[in-house]
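The block underneath contains the structure these notes are about, expressed in structure tokens.
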Amino acid sequence: MTCLRNLRIRNAAIAATLFAILLSPLAVTRADQRRDKDAVPNMAAFPDPAGVIRTFNLGGAIDLSGPFFQTLGTNGRSCGTCHTPGDGMSVSAAHIQDRFESSRGFDPIFNSVDGTNCDHGIDTSTRAGRAAASSLLRTRGLIRVALAVPVTRDFEIVSVSNPYGCGETDTISTYRRPLPATNLRFLSAVMFDGRESSVQGGTTPILFSNYPQSLMGDLQHQANDATLGHAQGMAPGLSVAQQQAIVEFEMGLFSAQAEDRGAGELTAQDGQGGPRALSKQFFYIGTNDPVGLDPNNPVPLKFNTKVFDLFDAWQNSHEPRRRSIARGQMLFNTRTFTITGVAGLNGATFSNGVTGPATIVSTCGICHDTPNVGDHSVGAPLDIGVADPPGGNNVLNTSYLPVVTVCQRPSLTVCVRTTDPGRALITGSFADVGKFKGPILRGLSARAPYFHNGSARNLLDVLDFYNSRFQIGFTEQEKADLVAFLSSL
Ligand code: HEC
Ligand code: HEC
């Protein structure tokens, strides 16, 4: 804390100047106008549904001619095709639809390698054909991620019912949201299923003992895979120098909501919102680990449910919207509910030998424990039910997704139906069906829809899901406060 304060004082002069520039409405316009040129100025303002998101790059202005934004493959795509500063380094479904309209479906994001619902048996010769072929990308922001079923496994894929074709049972077409390529310094696993941080894929699990080398190595591997896959690059792919340049860029980027339409600057009145404060956030693997998942973590477990403290100073603000954001933060930190049936948590055996109780009374933070960031501070793939097909307890509409039936070997009598087998497609373990990592909870407003499959169209949908899944009993006011808080991250 002291350390943080010192830094703040040292930067006070710079901050004051910047603050003055940023407060002027002209700064917003100028940043917007420069978006398509060679650089995005540091802290450029990008409007989003809740206000303004900004990205702070430790290396200065974002160089749009750097390798992250170059077309390093063969299909006209760059990393920036799906990870753009204006969308918190992800891409919102609304902006994808805009891109479809303005390019009539010819923007490289719609390439049929993975920008269409299936890569064969589609007609993209007409505008209507292209619209239909990319319906999941346009409406839910979903990229098709085709994953080979691992050879070593304790399950069989018994059937795939995919309304778009691509129903093969040896390669499963999953549909996933682009994760933000920012704030990556805080990652404990790369990709929703952690596949770029897994021995099975030739990458390294991220632990206290090998961080940050493991993370940076994983990100290099990921950059190469993305070039060969999404961008259809030629083997062997990127040079080591290109991989390193991309990772260096990614590790220095911080994005967060910076202005809220109702509350104004999220740094006003001692608020700690925005990407600058985030860039100074202290972190190590297992920082606030609630259950001891990393056996190498030498720091004794001391889970503090108070995961966020950004808006503490707003509790008694005279501005109603600021008080609402502070109340939402308080709910996130303190509201307890009963967590049951979460594979990877309840009944799971952790690396320190402890078994997770069948019911756990805790807060949002038990799974979103990294202070002021909100992902898991240790790799923790969990099944909270987001991939469940329609018809069960899932209040989210997942009817637009394929249904995969997975049965346990050898008897094949125990089966589950899922819209995405998740981590099981990496580990080959039946116990991992439906498990995903919790993403970083910063910059949310710029990147709707939410969850790996885009099934929550907005943050209210997210809360309705949790309210039903864990019988929390949020009131309408509590939901509104939580939405105000989450939108300000
Ligand atoms: C066609 C769209 C697309 C392109 C192009 C693309 N990505 Fe991604 N990116 C995705 C999707 C989808 C995911 C999540 C996939 C998953 O988890 O299975 C993702 C995930 C990531 C992640 C993981 C973040 C996390 O929290 O785990 C990083 C880092 C990343 N991309 C960087 C890159 C880089 C670097 C490039 C260029 C070399 C690139 N991406 C190109 C769509 C894209
Ligand atoms: C039992 C663990 C657990 C609890 C408790 C939990 N989450 Fe999550 N959260 C996750 C996981 C896992 C994901 C990713 C799920 C997916 O995409 O399949 C997630 C995803 C999210 C997302 C979507 C992020 C994105 O980029 O799409 C939001 C927002 C979120 N959680 C907020 C909350 C809030 C608010 C609470 C408390 C009401 C909460 N979570 C409680 C595990 C949990």
Side-chain angles (χ1 to χ4, degrees), residues 67-70 72-73 75 77-83 89-91 108-109 111 113-115 137 141-145 147 174-184 186-187 189-197 218-220 222-231 233 237-238 242-243 246-247 249-250 328 331-332 335 337 339 342 344-346 360 362-368 374-376 380-387 420 422 434-441 443-444 447-456 459 462-463 465-467 469-470 472 474 482-483 485-486 489:
F68 192 93
F69 299 97
Q70 290 166 11
L72 300 171
N75 60 12
R77 283 173 166 184
S78 72
C79 309
T81 304
C82 301
H83 301 281
M89 299 306 286
S90 174
V91 56
I109 200 171
N111 189 296
V113 63
D114 59 13
L137 182 53
L142 296 175
I143 295 292
R144 189 177 66 94
V145 179
L147 294 164
T174 66
Y175 298 89
R176 298 191 185 158
R177 293 280 298 124
L179 280 159
T182 187
N183 306 326
L184 297 181
F186 306 110
L187 284 193
V190 181
M191 312 309 264
F192 269 115
D193 51 19
R195 68 183 177 280
E196 295 285 359
S197 309
D218 290 353
L219 290 172
Q220 272 184 237
Q222 189 281 335
N224 205 45
D225 281 351
T227 305
L228 293 172
H230 301 305
L238 301 177
Q242 284 172 316
Q243 294 173 25
I246 288 176
V247 174
F249 169 70
E250 290 176 329
L331 285 164
F332 189 98
R335 181 59 181 264
F337 46 90
I339 298 160
V342 174
L345 188 61
N346 303 110
I360 298 173
S362 194
T363 56
C364 300
I366 191 163
C367 302
H368 296 283
D375 60 335
H376 315 303
L382 301 173
D383 178 5
I384 58 171
V386 168
D420 186 333
K435 287 186 188 170
F436 297 89
K437 76 162 179 175
I440 286 169
L441 300 182
L444 287 166
R447 64 167 200 261
Y450 306 103
F451 292 133
H452 70 272
N453 54 18
S455 55
L459 292 166
V462 170
L463 295 174
F465 165 79
Y466 283 115
N467 215 13
R469 174 65 181 80
F470 298 122
I472 305 177
F474 284 135
L482 268 162
V483 168
F485 165 63
L486 293 169
L489 289 175

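Below, each value reflects all heavy atoms present in this structure, side chains not excepted, and no hydrogens, waters or symmetry copies. As the structure lists them, so they are numbered: ligands from 1, and atoms in each ligand from 1. The residues of the chain are indexed from 1 along the displayed sequence.
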Candidates Asp420, Val462, Asn453 - the one meeting side chain to side chain contact (heavy atoms under 4.5 Å, CB included) with Val386: Asn453

What do we get for Leu238 next to ligand 1 when only non-hydrogen atoms under 4.0 Å count, side chain, backbone, both or neither? neither

Close-contact set for ligand 2 against Leu382 heavy atoms, below 4.0 Å: 2 (C)

Report yes if Met191 has an N/O atom closer than 3.5 Å to an N/O atom of ligand 1; otherwise report no. yes

Residue-level breakdown please: for Leu179 versus ligand 1, do any non-hydrogen atoms fall below 4.0 Å on the side chain, on the backbone, on both, or on neither? both

Protein N/O/S neighbour count - atom 8 (Fe) of ligand 2, strictly under 2.8 Å: 2

Atom 27 (O) of ligand 2: which protein heavy atom is closest, and how many Å away? Phe451 N, 2.8 Å

Given 3.5 Å as the limit, does a donor-acceptor pair link the side chain of Arg177 with the main chain of Arg447, or not? yes

May I ask you to check whether Gln243 and Gln220 show a side-chain donor-acceptor distance below 3.5 Å? yes

Which is it for Ser90 and Leu179 under the side chain to side chain contact (heavy atoms under 4.5 Å, CB included) test, yes or no, and what are the steps along the way? CA-CA 6 Å; Ser90 174; Leu179 280 159; over 6 Å; no

I want to know if ligand 1 touches Phe192 in the polar sense, i.e. an N/O pair below 3.5 angstrom. yes

Kindly confirm or rule out an N or O of Ser78 lying under 3.5 angstrom from an N or O of ligand 1. no

Which of these, Cys82, Pro67, Gly233, Ser90, has its nearest heavy atom closest to atom 1 (C) of ligand 1? Cys82

For atom 14 (C) of ligand 2, grab the closest protein heavy atom and report residue, atom and distance to one decimal in Å. Lys437 O, 3.3 Å

Between His230 and Asp114: side-chain donor-acceptor atoms closer than 3.5 Å: yes

Suppose I only count heavy atoms of Tyr450 and a 4.0 Å limit; which atoms of ligand 2 are within that range? 27 (O)

Name of the His83 N, O or S atom nearest atom 8 (Fe) of ligand 1? NE2

Polar atom proximity, Asp114 to ligand 1 (N or O, under 3.5 Å): no

Any N or O of Arg176 that comes nearer than 3.5 Å to an N or O of ligand 1? yes

In ligand 2, which numbered atoms sit nearer than 4.0 Å to a non-hydrogen atom of Phe436? 12 (C), 18 (O)

In this structure, atom 35 (C) of ligand 1 is nearest to the protein heavy atom Glu250 OE2, 3.2 Å

Nearest to atom 17 (O) of ligand 2, what protein heavy atom do you find, and at what distance? His452 N, 2.7 Å

Heavy-atom contact check, 4.0 Å cutoff: does Arg447 meet ligand 2? yes

Minimum-distance protein heavy atom relative to atom 25 (C) of ligand 2: Pro439 CG, 3.7 Å

May I ask you to identify, for Leu184, whether its side chain, its backbone, both or neither come under 4.0 Å of ligand 1 on a heavy-atom basis? side chain

Counting only heavy atoms, which portion of Gln222 has something under 4.0 Å from ligand 1: side chain, backbone, both, or neither? side chain

Could you give me the CA-CA distance, side-chain angles and deciding distance for Leu72 and Ser78, then say whether side chain to side chain contact (heavy atoms under 4.5 Å, CB included) is met? CA-CA 7 Å; Leu72 300 171; Ser78 72; over 6 Å; no

